[in-house]
Amino acid sequence: MLTLKQIAENTDSIVERLAVKRFDARPVVDKILALNEKRKTILTTAEEAKAEMNSISKAIGQLFKEGKAQEANAAKAKTVSLKESIKNADEELALVEAELNEQLVSLPNVPHESVPAGKGEEDNVVVKEAGEIPVLSDAKKPHWDLIKQYDIIDFELGNKITGAGFPVYKGKGARLQRALINFFLDEGEKAGFLEVLPPVVVNEDSGFGTGQLPDKEGQMYHVTADNLYLVPTAEVPVTNIYRDVIVNEEELPIKNMAYTPCFRREAGSWGAHVRGLNRLHQFDKVEIVQIAKPEQSYQVLEEMVAHVENLVNKLGLPYRILKLCGGDISFTSALTFDFEVYSAAQERWLEVSSVSNFEAFQANRLKCRYKGKDMKRPELVHTLNGSALALPRILAAILENNQTENGIQIPEVLQPYTGFAVIN
RNA sequence: GGAGAGUUGGCAGAGUGGUCGAAUGCGGCGGUCUUGAAAACCGUUGUACCGCGAGGUACCGGGGGUUCGAAUCCCUCACUCUCCGCCA
């Protein structure tokens, strides 16, 4: 959520930049500014009435103390109409504020100046491509065949227990999951991230804080009996650690990471592109989160991109980094880099990570601010996060790219974690 | 699940209808003293909104109510703790 101050001070540039996200902000922004003026007017009226009420009340107290009960009771009579007008003003104010808030929440984050215009994923800009795409024999198989052949992931079993998109990992498949998680966490620790293990269900406030609510509740599994949501990403519980918090300037940047299972309803998409591990309702992911000072957040973003790059490099996967265009970048993000790895049997790029700077957009919802010695008042932090990494598509690429006649070769960095070098 | 007790500023903790944004202690910040530090002493110390400013308004877990006036009384929800039950 953008702040009123941002909107009032940079109205034109916000409208201009949001056009890059293909969002026509002008009517919303105009409405917000008008509502804010209305709000101020009503607020002033209400506060003046309250000030008068307070002073009368104080005087009545004094009169009672002095034993002038009659005068006190006379003063009480004056409060009747005042009370009525306070009530009216407060009610009107609540309406205007609700409307204002609704408008504010509907406005997407302003994309960074470097975000290119574009309609959708086809307009994303490849900023780097690296690694070697393996040349496989004609006998190459997509991962959904490989997992059956080696019996390491069982979708039918998941169907039986839960439903589509909830696979059961078995034997070396399960072990490989655990290996990847530990590898990612160890690398994260080396890079200075503090590991946290948060709850995987969150309340409504947390969902609002990171921007999943109110509009995107369809993405999340909702436990209606307790009004809790299954996390679609560890971003939600980890970032919400800092909800309603004022952190010391010296503590920034804060670097956290968490492994969690992630749950996504993702209804409505079918076909070859979502086969096998390409899209699941439950999957594992290690997420990195940073809380930074505004002036350092873009440097932090680069660091995070470098960290993710280091991971895919070590796994020996061919990858490319994309800068998302305005049409593809998320509602909450100011700048996002996606990582894709090449899956050599499907012969397509798979998104495995998304690293974003949200600037103050989430922080404003979270009310996460920082204060330094020389600062008169606290200011909003910038929040960032990225997958480091999401497992299923990494697994798909590893299985497909490393398949041989004799089985699937495990990347060397993972072997200390798996305890085996080949799946056969 | 049953019974009871709580929720106050960064922390601890007082405050049961008016002068309470809130005592006191700790912590933090500034200073005196000191070669420096500690101790001691003095001062200072929340957040948001409105206003050019003076100043004003709101916030004592959330929401609602009683009252001229609520941290204080009532209702309701959430959470925490203690005991009992159940249980990995």
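Computed from a predicted structure; not experimentally measured. Note on naming: letters A, B, ... go to the chains in the order of the sequence lines (proteins, then strands), and numbering restarts at 1 for each one.
Rounding to whole angstrom units, CZ of residue A:Arg243 and C1' of B:U47 are separated by 17 Å. One can place CG of A:Leu100 at 13 Å from P of B:C49, the figure rounded to the nearest angstrom. Rounded to a whole Å, the CG atom of A:Leu104 is 13 Å from the P atom of B:C49. A:Lys87 has its NZ atom 17 Å from the C1' atom of B:C68, to the nearest Å. Put simply, CD1 on A:Ile42 is 14 Å from C1' on B:C49, counting in whole angstrom units. The CG-C1' distance, from A:Asn248 to B:U45, rounds to 14 Å in whole Å. The interatomic distance linking A:Asp90 (CG) with B:C50 (P) rounds to 16 Å, in whole Å. Protein atom CD1 of A:Ile60 is 14 Å distant from nucleotide atom C1' of B:G17, rounded to whole Å.
The phosphate of B:U47 has OP1 or OP2 within less than 4.0 Å of a side-chain N or O from A:Lys371. Between B:G46 and A:Arg369, no contact under 4.0 Å exists linking OP1 or OP2 to a side-chain N or O. At B:C49, none of the side-chain N or O atoms of A:Arg39 fall inside 4.0 Å of OP1 or OP2 (strictly under the cut-off).
Because its NZ or CZ atom is both nearer than 6.0 Å to the ring centre of A:Phe420 and within 45° of the ring axis, A:Lys172 counts as a cation-pi partner of that residue.
Checking B:C79 for Watson-Crick or G-U wobble geometry (two distances, each under 3.5 Å) identifies B:G6 as its partner. B:A70: no Watson-Crick or G-U partner with both key distances under 3.5 Å is found in any strand. Across the strands present, B:G17 finds no partner; the criterion is a Watson-Crick or G-U wobble pair with both atom distances under 3.5 angstrom. Across the strands present, B:U47 finds its partner in B:A58; the criterion is a Watson-Crick or G-U wobble pair with both atom distances under 3.5 angstrom. Across the strands present, B:A22 finds no partner; the criterion is a Watson-Crick or G-U wobble pair with both atom distances under 3.5 angstrom. In this structure, B:G30 forms a base pair with B:C42, meeting either the Watson-Crick or the G-U wobble geometry with both donor-acceptor distances under 3.5 Å.
A:Tyr298 has its side chain within reach of A:Asn357: a pair of non-hydrogen atoms, C-beta onward, lies under 4.5 Å apart. Contact check for A:Phe339 versus A:Glu351: no side-chain heavy atoms found under the 4.5 Å cut-off. Side-chain contact check for A:Leu322 versus A:Val125: every heavy-atom pair is 4.5 Å or farther apart. Contact check for A:Val105 versus A:Leu107: no side-chain heavy atoms found under the 4.5 Å cut-off. In this structure, A:Glu295 and A:His382 have side chains that are not in contact, with every pair of non-hydrogen atoms separated by 4.5 Å or more. Residues A:Leu176 and A:Ile410 have side chains in contact (heavy-atom distance under 4.5 Å, counting atoms from C-beta outward). Contact check for A:Phe208 versus A:Ser206: no side-chain heavy atoms found under the 4.5 Å cut-off.
As rounded to the nearest Å, B:A5 and B:U57 have C1' atoms that lie 35 Å from one another. Distance noted for atom C1' between B:G61 and B:G51: 31 Å (whole Å). One C1' atom belongs to B:G69, the other to B:G18, and the distance between them is 6 Å to the nearest Å. Taking atom P in both B:G27 and B:A39, the straight-line distance is 8 Å, to the nearest Å. Using P as the reference atom, B:C59 and B:G9 are 15 Å apart when rounded to the nearest Å. Rounded to a whole angstrom, the distance from the P atom of B:U76 to that of B:G21 is 29 Å. Taking atom P on both B:G62 and B:G55, the two are 29 Å apart, rounded to the nearest angstrom. Taking the C1' atoms as reference points, B:U8 lies 14 Å from B:A70, given to the whole Å.
Classified by interplanar angle (parallel below 30°, tilted 30° to 60°, perpendicular above 60°), the ring pair A:Phe193/A:His307 is tilted.
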Listing time: all N or O pairs from protein to nucleotides 74-79 of chain B that are below 3.5 Å?
none

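Using a 4.0 Å heavy-atom cutoff across all strands shown, A:Lys367 reaches no nucleic acid atom at all. Among the atoms of the strands shown, only primed sugar atoms or phosphate atoms (P, OP1, OP2) are found under 4.0 Å from some heavy atom of A:Thr79.
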Going 5' to 3' through nucleotides 54-65 of chain B, assign each nucleotide B (protein heavy atom under 4.0 Å from a base atom), S (under 4.0 Å only from sugar-phosphate atoms) or - (no protein heavy atom that close). --BBS-------
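The two residues A:His143 and A:Arg275 come nearest to each other via the heavy atoms NE2-O, 4.1 Å.
Residues A:Arg377 and A:Lys76 each lie close to RNA chain B; by heavy-atom proximity, the contact nearer the 5' end of the strand is made by A:Arg377.
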Apply side-chain hydrogen bond (donor to acceptor under 3.5 Å, both in side chains) to A:Ser343 and A:Arg393, showing your working. CA-CA 8 Å; A:Ser343 209; A:Arg393 295 176 192 158; over 6 Å; no
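Checking each of A:Glu92, A:Glu97, A:Glu47 against A:Arg39 for a salt bridge (Lys or Arg N to Asp or Glu O under 4.0 Å) leaves exactly one that passes, namely A:Glu97.
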